[in-house]
**Q** 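Below you'll find the structure I mean.
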Amino acid sequence: MNVRRSAAALAVVGVLAAAAPATAAGPSPSPSPKVTVPSGLYGKGDPTYDGVWRQSLTLVAQRTLGYRPATGAVDWLTGQQCANGSFAAFRAAPAKPCDDKVTADTNSTAAAVQALAATGGRGAAVTKAVDWLKSVQNKDGGWSYFPGSPSDANSTSVVIGALAAAGTDPANVRKSGKSPYDALPAWAVPCDRDGGGALAFQPDKKGELVANADATAAGLLGALGKGFVAKAGKAPAKDACVAAGHPTREQVADNAGAYLAAAVAKSGHLRSTLPGAKDQPDFGNTADAVVALAADGRTEPARKAYAWLEKNAGQWAAQSGPAAYAQLILAAHAIGEQPGDFAGTSLVSSLNAQGPAPRMPSAEDGEHKAASEEKDSKTEVWWTVGVFLVAGIGIGFLLSGRKKRQP
């Protein structure tokens, strides 16, 4: 659920260099000479690899704060959808039909589902996107970044979040009899191994499971059936990893939480795990870890990680753009902190300044909605009464006719 999660998948297909600047504390990607940042899209960086992702996170964060996103911003995201329901990372010419050159992916599609479900009023687009996601599910019950590839923990988890946001129980979405909850345990590192409790992105070339903090945060939320937005859950019974031959999804989540809690115990943050990246703090994954830890009921380590972010992540967010601000807002929401005061900076104002201004519904809007609902309710009542009156009259005529025909 972050810039890094998208980058992790992109790294698999050999475009790590394009995504890496958005994850480190370096300069924000500059707009490509060939790509113009369209109106309605948040951020000024080149949207080629993350346009739909950052827009989706932005809209989800705004709705979580109670804002109504700008119509133009929602229209832009909806306009990125292909006719078959899928989304690509970015379509520079959305007026043209999607063809073989448009590479749709599950992460962008799942992120868009969560955003459009949150904004409301786009039910048809959400349904089409969910149908497409179901159509590209793998036989192990999971999903890959690009359809046709082996499943991975990150993609499977973000799709779980999309299904839940759309009102579909992920446990009921099956391929060859398996749901995504059957797939997640396959990436869980056994407790007695290095990185025990964590999740791997995928098995490595030797078939080994290597702990990955990004996949662990994603997998924890996925195992709990959560999406981008989560609040503090019930504390787990055990603080440490608990071995199980066939772990349930709840056990997968709790073991992942134990790993993340231990990982942030000393420094308060996670470190970069991207191949070739410098050994440095990972702001995006740390923000994700706050949400995941809170959802698993581990509020103390979640607050410690958030406190570290509050002291250190301001520059990263300013350089990285809307997705980073959205991540921090969702982290604050998960533990009940105020994103309007992030070490003296308002994450809310900073995010909203990245694109078209959203609107906070007023009391007048609430009164109008209530009046509208009351009117609709009264109309429904009178319509129902009318139906029964008509039905009563009809029955009366029938009975009258029967009486007249009787000898």
**Q** How about P358 and R68: do any of their side-chain heavy atoms sit closer than 4.5 Å?
**A**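 No, their side chains stay 4.5 Å or more apart.
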
**Q** For S144, is there any backbone N or O sitting under 3.5 Å from a side-chain donor or acceptor partner on S149?
**A**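 A pair under 3.5 Å: no.
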
**Q** Taking only residues two or more places apart in sequence, or in another chain, which ones meet T58 in a side chain to side chain donor-acceptor pair (under 3.5 Å)?
**A**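 For T58 there are no side chain to side chain donor-acceptor pair (under 3.5 Å) partners, ignoring immediate neighbours.
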
**Q** Between K128 (side chain) and A83 (backbone), is there a donor-acceptor pair under 3.5 Å?
**A**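 Confirmed, K128 side chain pairs with A83 backbone.
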
**Q** For residues 121-141, which residue pairs pass the ring pair (Phe, Tyr, Trp, His ring centres under 6.0 Å) check, not counting sequence neighbours?
**A**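 Output for this query is empty, none listed.
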
**Q** Heavy-atom distance under 4.5 Å between the side chains of N312 and P281, does that happen here?
**A**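 Heavy-atom side-chain distance check fails, nothing below 4.5 Å.
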
**Q** Between Q55 and Y42, is there a donor-acceptor pair closer than 3.5 Å when you use the side chain of the first and the backbone of the second?
**A**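 Indeed, once roles are kept as given, a pair shorter than 3.5 Å links the two residues.
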
**Q** Testing the basics here: between A334 and V291, what is the closest heavy-atom pair and its distance to 0.1 Å?
**A**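 Nearest heavy atoms, A334 then V291: CB-CA, 3.9 Å.
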
**Q** For the pair W53 and F228, evaluate ring pair (Phe, Tyr, Trp, His ring centres under 6.0 Å) and give the outcome as yes or no after the intermediate values.
**A** CA-CA 12 Å; W53 185 266; F228 293 152; 5.8 Å; yes

**Q** Identify, with sequence neighbours excluded, every residue that meets side chain to side chain donor-acceptor pair (under 3.5 Å) alongside R298.
**A**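 R298 satisfies side chain to side chain donor-acceptor pair (under 3.5 Å) with D296 once adjacent residues are dropped.
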
**Q** Below 4.5 Å, heavy atoms only, C-beta onward: do W316 and Q327 meet side chain to side chain?
**A**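 Side chain of W316 against side chain of Q327, heavy atoms only: contact under 4.5 Å found.
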
**Q** Any donor-acceptor pair under 3.5 Å linking the side chain of D282 with the backbone of N285?
**A**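 Indeed, once roles are kept as given, a pair shorter than 3.5 Å links the two residues.
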
**Q** Can you label the angle between the F342 ring and the Y306 ring as parallel, tilted or perpendicular, going by 30° and 60°?
**A**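 Perpendicular, since the angle between the ring planes exceeds 60°.
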
**Q** Between D341 (side chain only) and G344 (backbone N and O only), is there a donor and an acceptor less than 3.5 Å apart?
**A**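 Looks like yes, one N/O pair under 3.5 Å.
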
**Q** Hey, could you give me the CG/CG distance between L347 and L65, rounded to the nearest 0.5 Å?
**A**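 So the gap between those two atoms works out to 9.0 Å.
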
**Q** Can you name the nearest heavy-atom pair linking P361 to R359, along with the distance?
**A**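 It is CD-O, 3.4 Å.
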
**Q** When you measure from the side chain of R63 to the backbone N and O of Y67, does any donor-acceptor pair fall under 3.5 Å?
**A**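 It does hold such a pair.
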
**Q** With sequence neighbours excluded, what pairs up with T216 under the side chain to side chain donor-acceptor pair (under 3.5 Å) test?
**A**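 With neighbours one apart ignored, the set is empty.
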
**Q** Return the minimal non-hydrogen interatomic distance between A164 and P170, and the atom names on each side.
**A**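 Looking at all heavy atoms of both residues, the shortest contact is N-CG, 4.4 Å.
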
**Q** So how far is it from F90 CZ to S108 OG, rounded to the nearest 0.5 Å?
**A**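 The CZ atom of F90 sits 12.0 Å away from the OG atom of S108.
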
**Q** Within this structure, what is the CG-SG distance for the pair N255 and C191, rounded to the nearest 0.5 Å?
**A**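 So the gap between those two atoms works out to 4.5 Å.
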
**Q** Can you confirm whether L184 sits close enough to S157 that some side-chain heavy atom of one is under 4.5 Å from a side-chain heavy atom of the other?
**A**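 Yes - at least one pair of side-chain heavy atoms lies under 4.5 Å apart.
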
**Q** Kindly indicate whether the side chain of V159, heavy atoms from C-beta on, has any atom under 4.5 Å from the side chain of L163.
**A**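 A side-chain contact under 4.5 Å exists here.
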
**Q** When you measure from the side chain of S267 to the backbone N and O of H269, does any donor-acceptor pair fall under 3.5 Å?
**A**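 Answer holds: yes.
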
**Q** Apply side chain to side chain contact (heavy atoms under 4.5 Å, CB included) to P247 and list each qualifying residue two or more places apart in sequence or on a separate chain.
**A**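 Checked P247 against side chain to side chain contact (heavy atoms under 4.5 Å, CB included); matches are P185, A244, Q251, V252.
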
**Q** Drop me the distance from Q114's CD to L116's CG, to the nearest 0.5 angstrom.
**A**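 Between atom CD of Q114 and atom CG of L116 there are 10.5 Å.
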
**Q** With a 4.5 Å cut-off on side-chain heavy atoms, are V290 and L309 touching?
**A**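 A side-chain contact under 4.5 Å exists here.
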
**Q** E250 and Y181: side-chain donor and acceptor closer than 3.5 Å?
**A**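 Side-chain D/A pair, E250 to Y181: absent.
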
**Q** Per the salt bridge (Lys or Arg N to Asp or Glu O under 4.0 Å) rule, what does the pair list look like for residues 70-95, sequence neighbours excluded?
**A**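 Qualifying pairs, neighbours excluded: D75-R122.
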
**Q** Side chains of L260 and V264: does their closest heavy-atom pair fall under 4.5 Å?
**A**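 Result no, sub-4.5 Å side-chain heavy-atom pair not found.
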
**Q** I'd like a table of donor-acceptor pairs (distance under 3.5 Å, sequence neighbours excluded) in which one partner is a side-chain atom from residues 93-103, with atom names and distances.
**A**
{"unit_1": "D99", "atom_1": "OD1", "unit_2": "K101", "atom_2": "N", "d": "2.9"}
{"unit_1": "D99", "atom_1": "OD1", "unit_2": "V102", "atom_2": "N", "d": "3.4"}

**Q** Determine the minimum heavy-atom distance between A110 and A162, stating which atoms define it.
**A**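 That closest heavy-atom pairing would be O-CB, 3.5 Å.
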
**Q** With sequence neighbours left out, what residues match K206 under side chain to side chain contact (heavy atoms under 4.5 Å, CB included)?
**A**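 Expected list: D204, E208.
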
**Q** Between atom CG of N154 and atom CG of D214, what is the distance when rounded to the nearest 0.5 Å?
**A**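 Those atoms lie 4.5 Å apart.
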
**Q** Looking only at side-chain N and O atoms, does N107 offer a donor or acceptor that is under 3.5 Å from a partner on S155?
**A**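 Per modelled atom types, S155 and N107 side chains form a pair under 3.5 Å.
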
**Q** Is there side-chain contact between Q315 and Q319, with at least one heavy-atom pair below 4.5 Å?
**A**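 Side chain of Q315 against side chain of Q319, heavy atoms only: contact under 4.5 Å found.
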
**Q** Minimum heavy-atom separation for T156 to G142, with atom names?
**A**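 Answer, listing the atom of T156 first, then G142: OG1-CA, 3.4 Å.
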
**Q** If we check side chain to side chain contact (heavy atoms under 4.5 Å, CB included) with S86, which of these qualifies: T109, T106, D131, D105?
**A**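 In the set T109, T106, D131, D105, the residue that makes a side chain to side chain contact (heavy atoms under 4.5 Å, CB included) with S86 is T109.
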
**Q** Among all residues two or more places apart in sequence or in another chain, which pass the side chain to side chain donor-acceptor pair (under 3.5 Å) test with Q80?
**A**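 Q80 satisfies side chain to side chain donor-acceptor pair (under 3.5 Å) with no residue once adjacent residues are dropped.
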
**Q** Check whether Q202 reaches the backbone of P150 with its side chain - one donor and one acceptor, N or O, closer than 3.5 Å.
**A**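 The answer is yes, because a donor-acceptor pair under 3.5 Å joins these two groups.
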
**Q** Decide whether S151 and D140 meet the rule of one side-chain donor and one side-chain acceptor closer than 3.5 Å.
**A**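 The criterion, which ignores hydrogens and geometry beyond distance, is satisfied for D140 and S151.
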
**Q** Only counting residues at least two apart or in another chain, list the ones meeting side chain to side chain contact (heavy atoms under 4.5 Å, CB included) with H333.
**A**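 Checked H333 against side chain to side chain contact (heavy atoms under 4.5 Å, CB included); matches are T64, V229, K231.
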
**Q** Could you work out, with ring-ring contact (aromatic ring centres under 6.0 Å, His included) as the rule, every residue matching Y259, not counting sequence neighbours?
**A**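 Listed in chain order: nothing, the list is empty.
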
**Q** Just verifying a value: how many Å separate K178 NZ and Q137 CD, rounded to the nearest 0.5 Å?
**A**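 Atom-to-atom, K178:NZ and Q137:CD are 11.5 Å apart.
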
**Q** State which residues pass side chain to side chain contact (heavy atoms under 4.5 Å, CB included) with A112; sequence neighbours excluded, sorted by chain then number.
**A**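 Side chain to side chain contact (heavy atoms under 4.5 Å, CB included) check on A112 returns V52, S56, L77, F87.
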
**Q** Is the CG atom of D194 crowded by more than 12 outside heavy atoms at less than 6.0 Å?
**A**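 Incorrect, the count does not exceed 12.
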
**Q** Taking atom types as modelled and ignoring hydrogens, do the side chains of S349 and N352 form a donor-acceptor contact shorter than 3.5 angstrom?
**A**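 Their side chains do not contain a donor-acceptor pair, so the 3.5 Å distance test is not met.
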
